[in-house]
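Quick note: residue numbers are just sequence positions, from 1. Bear in mind the structure is a predicted one, so any value in this text is a computation, not a measurement. Computed from heavy atoms alone, side chains included, the values below leave out hydrogens, waters and symmetry copies. Remember, it's 1-based here, ligands and their atoms both numbered in the order they're listed.
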Amino acid sequence: MTESTQDGRRPLRVGVIGVGMMGADHAERVANRIANAELVAVADPDQERATALAAGFDGVRVFADPLELVADPGVDAVVIASPGFVHEEQVLACLEHGKFALCEKPLTMDAESSLRLVEAERRGGRPLVQVGFMRRFDPEYAAMKSMLDSGDLGRLLLVHNVHRNKTVPDSFRSEMIVRDSLVHEVDVCRWLFGEEIVEITVHSPAPTSNAAEGVIDPQVAVFRMAGGGMATTEVFVKSTIGYEVRCEASAELGNATVGLGSGVFVRSANRWGGEVPDDFRVRFAAAYDLEVQIWVDASRRGEVVGPTTWDGYASTVVCEAGMESLKSGAPMKVELS
Ligand code: ISE
């Protein structure tokens with residue numbers, strides 16, 4: 001955000017790879033809202049889009065080749081917001097150059113490549129990668145996690161999630177609903193329970209008439225946790241309502257719910273209610289800000305504190321099994337390496 005930092009040390013010089021919807025959002029965040037960091041470079045195969053974005057800020061260089069951005073000595077750390085199928089080589093480049101990376105989910109598109117990243121990072125001897133599971137930084141989710149961890153509600157037994165997008169393009173196929181949307185609940189459940197998922201079933205209810213030809217929307221996923229707990233998730237990407245994400249954790253002595261309403265709740269003219277945000281950038285704005293701020297601060301200290309490559313790998317394995325279950329309708333065992 002600024003040249004002057006709270007501790008008098010140089011700000012973290014951040015490059016952003018991929019300036020589509022999420023990358024542009026992160027670039028703006030780093031440039032304008034994150035302390036102790038400055039946006040110094042962007043890379044995107046669409047040079048026109050990258051140049052237009054860079055022009056909105058001072059002194060931001062534009063790279064056509066993302067690997068050149070990673071190698072550049074003027075870049076200290078990298079936000080990877082490119083499509084998932086190019087994440088592996090970009091994360092590997094960050095590891096090779098010893099640069100901290102915040103990689104958007106999914107870590108990669110399949111379990112083998114995610115595991116290769118876990119192993120490459122381990123070989124390097126120090127953690128460098130944080131995976132973009134931003135819900136862990138959402139103040140409501142974080143408060144629920146602390147409450148569960150305090151033990152006040154007793155042992156966590158069940159989690160019920162609702163994950164609805166207003167709409168998605170018709171190119172968002174059934175498998176993407178698992179890999180790009182449900183993956184958040186995969187991470188949330190692993191994190192809330194503090195355990196791995198050992199089995200996943202993805203059910204196919206009758207689709208909405210708004211679903212694109214051949215797309216299963218909504219879907220209902222059931223996870224079995226290693227300790228015997230269970231979680232259900234409705235994931236509905238063409239709900240038409242707006243963006244709604246809720247999570248109810250049911251424990252032995254009570255339950256906790258997040259996502260009941262964001263923004264101002266109004267009572268007026270015999271009506272009550274509030275607004276439903278349009279998309280995740282609005283609902284999770286605070287979570288994204290905290291995610292990036294915590295990543296910047298940890299990188300400057302030489303640490304990684306958020307979701308790790310292992311978390312990225314584990315969620316990829318669960319989603320891969322989920323995509324199989326979606327095809328067969330049968331429960332799939334989840335086995336981590
Ligand atoms: C999108 O890619 C995200 O990551 C959002 O958080 C999620 O809610 C949405 O369903 C995905 O498409």
Next item on the list: Look only at interatomic distance and state if Arg135 has a nitrogen or oxygen under 3.5 Å from any nitrogen or oxygen of ligand 1.
Entry: no
Check: Which is closest to atom 5 (C) of ligand 1 in terms of heavy atoms, Phe280, Phe172, Phe236?
Finding: Phe280
Item checked: Per-atom contacts, ligand 1 versus Asp180 - under 4.0 Å to a heavy atom -> 2 (O), 4 (O), 11 (C)
Checklist line | Ligand-residue contact atoms, ligand 1 with His184, heavy atoms, under 4.0 Å | finding: 3 (C), 4 (O), 5 (C), 6 (O), 7 (C)
Next item on the list: Could you tell me the residue and atom name of the protein heavy atom closest to atom 9 (C) of ligand 1, and the distance to it rounded to 0.1 Å?
Entry: Asn165 ND2, 3.3 Å
Next item on the list: Would you give the length of the straight line joining atom OG1 of Thr108 to atom CZ of Arg179, rounded to the nearest 0.5 angstrom?
Entry: 9.5 Å
Next item on the list: Answer yes or no: is there an ion pair linking Arg301 with Asp297, defined by an N-O contact shorter than 4.0 Å?
Entry: no
Notebook entry, point to check: ring-ring contact (aromatic ring centres under 6.0 Å, His included): which pairs involve residues 24-81, sequence neighbours left out?
Noted result: His26-Tyr288
Margin query: Show the atoms of ligand 1 that are less than 4.0 angstrom away from any heavy atom in Ser181.
Written below: 9 (C), 10 (O), 11 (C), 12 (O)
Notebook entry, point to check: So among Glu89, Glu104, His87, which one has a side chain to side chain contact (heavy atoms under 4.5 Å, CB included) with Ser82?
Noted result: His87
Next item on the list: Indicate yes or no: does an N/O atom of Lys105 lie under 3.5 Å from an N/O atom of ligand 1?
Entry: yes
Next item on the list: Taking atom types as modelled, find out whether Gln219 and His203 have a side-chain donor-acceptor pair closer than 3.5 angstrom.
Entry: no
Note to self: Taking Leu95's backbone N and O only, do any of them form a donor-acceptor pair with Glu121's side chain (distance below 3.5 Å, no angle check)?
What the structure shows: no
Next item on the list: Find all atoms of ligand 1 within a distance of less than 4.0 Å from any non-hydrogen atom belonging to Tyr243, and give their numbers and elements.
Entry: 5 (C), 6 (O), 7 (C), 8 (O)
Margin query: In this structure, does ligand 1 have an atom that sits under 4.0 Å from one of the heavy atoms of Val237?
Written below: no
Margin query: Are Val16 and Leu67 linked, directly or through intermediate hydrophobic residues, by side-chain heavy-atom contacts shorter than 4.5 Å (ILVMFWY only)?
Written below: no
Notebook entry, point to check: Mind checking whether Met134 has a heavy atom under 4.0 Å from ligand 1?
Noted result: yes
Next item on the list: Would you sort out whether Thr308 and Asp311 count as a side-chain hydrogen bond (donor to acceptor under 3.5 Å, both in side chains), showing the intermediate values?
Entry: CA-CA 5 Å; Thr308 61; Asp311 295 315; 3.2 Å; yes
Margin query: Against ligand 1, does His163 come closer than 4.0 Å with any heavy atom?
Written below: yes
